[in-house]
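All residue numbers in this chain count up from 1 along the given sequence. In listed order, ligands and their atoms are each counted from 1.
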Amino acid sequence: MNYNYIAKLLASWTPESKQHMWQLSGQFEGDIILPPGTRNGIIGWQYHWNNGEIPYVLSSDFTEDEKTFIINTLQTEYARTCIKMRPKQWWELHYVYVTGKDTGCWSSVGKRWGKQELNLQKDGCLWYGTIVHEFLHAAGFFHQQSAPERDDYVTILWQNILPGKESNFNKYSSNVVTSFGKKYDYDSIMHYDKYAFSSNGEPTILPNVSILFFVKVKKQIRKRIETILHLASRSA
Ligand SMILES: [Zn+2]
């Protein structure tokens, strides 16, 4: 692994860059750490956190300002979910240890028992979406396009993928991952972007239906909500 190269790549990342920075971290599927010999997903009680609570410790790699940003991000994002990210209690044995080394943005998937590392390179990974993304891996989620039903929703353009990087587009069987009955989410923060691991600047992953269709539906839903609110305010 050429960490020096990865560190520089991430440090130069901007929101206008074509790829999510967590795709650039050189790990399995870009940013997933797999313990040797395991390919397991989130099905399996041993990978689940008690009560959906994920205790964490921020290492001294981070400044106070950086720590505040990470804590605020986690609190803001997860306040509206059933997952809770919170500081570790002194007596807890299983927790996420957040480091800021120059090795990219990465995490393992699910609870790995004991102290498990999650890295947010200080210069490159301290973005709201990246922090949320890596902690979702720690909570037990793989990438959206690894879902067993993904071929119904997206097409992988294998001819545009960097040679040797094809395994990043593996999908998992329903014995390994579950979507908890939720529909495939194109907008998921766990979804690759369309140029992920591209060898030639051409898309590697495209939706099977026009995204415009979704924008239209969303607009219609928003309009309907506005109409309902309008009616409600008139009748009040
Ligand atoms: Zn990821």
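Among the atoms of Cys105, no N, O or S atom is found under 2.8 Å from the Zn ion (ligand 1).
Lys84 NZ: 12 or fewer foreign heavy atoms inside a 6.0 Å radius.
Nearest N, O or S atom of His143 to the Zn ion (ligand 1): atom NE2.
The side chain to side chain contact (heavy atoms under 4.5 Å, CB included) with Asn50 is formed by just one residue from the set Lys111, Glu92, His94; it is Lys111.
Angle NE2(His137) to the Zn ion (ligand 1) to NE2(His133), rounded to 10°: 100°.
A centroid separation of less than 6.0 Å is found between the aromatic rings of Tyr192 and Phe169.
A 4.5 Å side-chain heavy-atom check between Lys101 and Gln121 finds every atom pair outside the cut-off.
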